Each structure stands twice: as C-alpha cells, then as structure tokens.
Colleague: 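Here it is, the structure in full.
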Amino acid sequence: FFIEKRQFTFLLIGALTLGGVFSAVTITKESSPEVQIPVGIVSTVLPGASAEDLIPLASEIGLDGARWIFPQGPLNFPSVPGGRQWFELQDRAAEGLATARNHILALLSALEAQGQTPSQTALLGFSQGAALALDVCLRGARNLGACASLSGLLPPGPLPEAGARLPSFFLGHGLLDDILPIQGSRDASAHLRALGAAVTFKEYPMGHSICSEEAADLRAFFSKPLFL
C-alpha cells in the first residue's frame, strides 16, 4: 500500500514542454508522522524557476513526512537563462528521450542500491516530465509501485505485452490545455488500460498547470491500496 509502505519512495520529475530549471534540492517534512514515506523526488515545472519554487507543490499534495529531491534536467534550454530540459523536442527527440530515460533509470538504480525497493517507488512527472515518466515506467522500470503523469502524453514506441507487471497509474490533465492538449492523456489512458494496467484518469477545468483539486486527487491516489 502506498502510505503503509514504510520505505515508499516518490520520484517526481517535472518539465514544461518549453523547458525548465532543475536543481538537486531536498526538503524534509515531519508534521504528519502517520505518513511513512521517507523519500520523495521532484523537479521544477516552470521555465526559469528554481527548485525551491516547487516546494509548495510538495506541501499541497500533502505527503508531509516525505523528503523531496529535485533532480536536474541534463540539457540547457537556451531561450531561458539557466533553463534546463530533459530532452529537446526537435530533431532527435527520440534519441534525447532514450538518454533522459537512462538518466532516470540510473537514479532509480542508485535508490535501489540504498535499500529502496522498486515496488516502493513512484515516478511522477509534469508536461515533458510526464511523458518521460510514462516512458520510463513502460520501457525501463515496469516494476515500480506507481506512476503519475500530469498534463503529459505517451511518447511513441514499443509497449509491453498485455498483462505484464506494470505500476498503478494516475493521469491528470486540464481541459483547457493549449500546450499539450488533453487528448494526449486520454490516448495514454486508453493504451494503459488496454495493457491491463490500473489507471485513474482525471480531467480538470484548467490549462497547462496543476490545480489544488489535482493535488488532492494525487494525495488520495497515493493513499489507496492500489498495489501489493
């Protein structure tokens, strides 16, 4: 169970389609001892933002007691001073996605080496990070406990066979999103369900963003006994 696992790890990766800034910043919350999740990993979602700017997101999701880590995207984003991104959208996007996938897989391996088991690990991403989260969970780390994709899409590529061991999935998207249209998440949800995955899909009256209702739904998702 998400909350009841004493060593459950959250790996959250975020990036706008237009890029973002990523830093390795950690915070620890101790105000809710009933939530026994010692490690969380998250990254920034806005171009030009700092890692600290995402701290309110961790608070709004409400998983107090977790330690949140903000990994840094490996590539520069030239149009934003200091901006970063997980992969370039033009030209060799597929190659860049594979490189980004390996970057996250290496981080997951490092966490496992520290004693965090895959089934107690969740991956969450926003926008470009959401696409990367789905890619990693379907093409590299299918034994994770959970995956949350916020305002994203499923990148093209091979999919596992129906019935394969997969994480539980949360997909959320804004109905008014004009950067990554909601159809991307609708299609991703359909593909995941066809594979036999457990999927929670939510639509919100917002644009390319994260709202308080979505944060509350994430809290509920991570609190349910969605996997063994």
Side-chain angles (χ1 to χ4, degrees), residues 1-5 8-16 35 37 39-43 45 54 56-64 66 68 71 86 104 108 118-155 159-160 164-175 177 180-228:
F1 294 19
F2 287 109
I3 297 300
E4 292 175 355
K5 295 283 189 178
F8 196 80
T9 300
F10 287 88
L11 171 60
L12 291 82
I13 53 175
L16 275 177
V35 180
I37 307 170
V39 180
I41 305 177
V42 69
S43 73
V45 296
L54 249 291
L57 174 60
S59 298
E60 189 160 7
I61 290 176
L63 294 173
D64 295 329
W68 303 83
W86 287 102
I104 298 302
L108 290 169
S119 64
Q120 296 171 314
T121 302
L123 185 62
L124 184 153
F126 174 75
S127 192
Q128 189 188 68
L132 178 56
L134 290 174
D135 178 82
V136 169
C137 286
L138 290 172
R139 298 164 187 144
R142 300 202 307 265
N143 58 348
L144 296 185
C147 175
S149 168
L150 312 182
S151 301
L153 51 77
L154 176 60
L159 295 175
R165 190 340 184 160
L166 291 172
S168 297
F169 290 90
F170 177 97
L171 281 74
H173 213 120
L175 289 162
D177 195 332
L180 285 179
I182 193 171
Q183 192 60 43
S185 284
R186 289 172 175 168
D187 291 344
S189 176
H191 283 303
L192 292 169
R193 286 180 171 140
L195 294 174
V199 179
T200 298
F201 179 44
K202 300 282 188 176
E203 300 181 356
Y204 305 94
M206 64 179 185
H208 196 65
S209 60
I210 301 172
C211 63
S212 58
E213 182 183 355
E214 186 173 33
D217 286 340
L218 282 166
R219 167 73 180 195
F221 170 73
F222 288 127
S223 300
K224 291 179 179 179
L226 296 176
F227 70 98
L228 297 176

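These numbers were taken from a predicted model, which means no experiment stands behind them. Numbers here simply count residues along the sequence, with the first being 1.
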Colleague: Under 3.5 Å, is there a donor-acceptor pair between the side chain of His173 and the main chain of Leu180?
Modeller: yes
Colleague: Quick check for you: to the nearest 0.5 Å, what is the distance between Leu218 atom CG and Glu213 atom CD?
Modeller: 11.0 Å
Colleague: Cys147 versus Leu134: any side-chain heavy-atom pair under 4.5 Å?
Modeller: yes
Colleague: Applying the side chain to side chain contact (heavy atoms under 4.5 Å, CB included) test to Leu192, which of Leu154, Asp187, Leu159, Val199 qualifies?
Modeller: Val199
Colleague: Check whether any side-chain heavy atom of Tyr204 sits under 4.5 Å from a side-chain heavy atom of Ser209, and report yes or no.
Modeller: no
Colleague: In the structure I gave you, are the side-chain heavy atoms of Ile182 and Asp177 within less than 4.5 Å of one another anywhere?
Modeller: no
Colleague: So how far is it from Leu132 CG to Leu123 CG, rounded to the nearest 0.5 Å?
Modeller: 7.0 Å
Colleague: Where do Phe201 and Arg193 land on the side chain to side chain contact (heavy atoms under 4.5 Å, CB included) test, with the steps shown first?
Modeller: CA-CA 10 Å; Phe201 179 44; Arg193 286 180 171 140; 4.1 Å; yes
Colleague: How far apart are the closest heavy atoms of Ala133 and Ala148, and which atoms are they?
Modeller: CB-O, 4.4 Å
Colleague: At their closest point, which heavy atom of Ser168 faces which heavy atom of Phe221, and how far apart are they?
Modeller: O-CZ, 3.7 Å
Colleague: Okay, side chain of Arg165, backbone of Leu144: is any donor-acceptor separation there less than 3.5 Å?
Modeller: yes
Colleague: Return the minimal non-hydrogen interatomic distance between Ser151 and Gly174, and the atom names on each side.
Modeller: OG-N, 4.4 Å
Colleague: Does any non-hydrogen side-chain atom of Phe170 lie less than 4.5 Å from one of Leu124?
Modeller: no
Colleague: For the CD atom of Glu214 and the CD1 atom of Ile61, what is their distance to the nearest 0.5 Å?
Modeller: 8.5 Å
Colleague: Shortest non-hydrogen contact from His208 to Ser127?
Modeller: NE2-OG, 2.8 Å
Colleague: I need the minimum non-hydrogen distance between Ala197 and Pro167, along with the two atoms involved.
Modeller: CB-O, 4.4 Å
Colleague: Can you measure from OG (Ser212) to CD1 (Ile210) and round to the nearest 0.5 angstrom?
Modeller: 11.5 Å
Colleague: Would you indicate whether the side-chain heavy atoms of Ser149 and Leu171 approach each other to under 4.5 Å?
Modeller: yes
Colleague: Answer yes or no: is there a side-chain heavy-atom contact under 4.5 Å between Pro160 and Leu138?
Modeller: yes
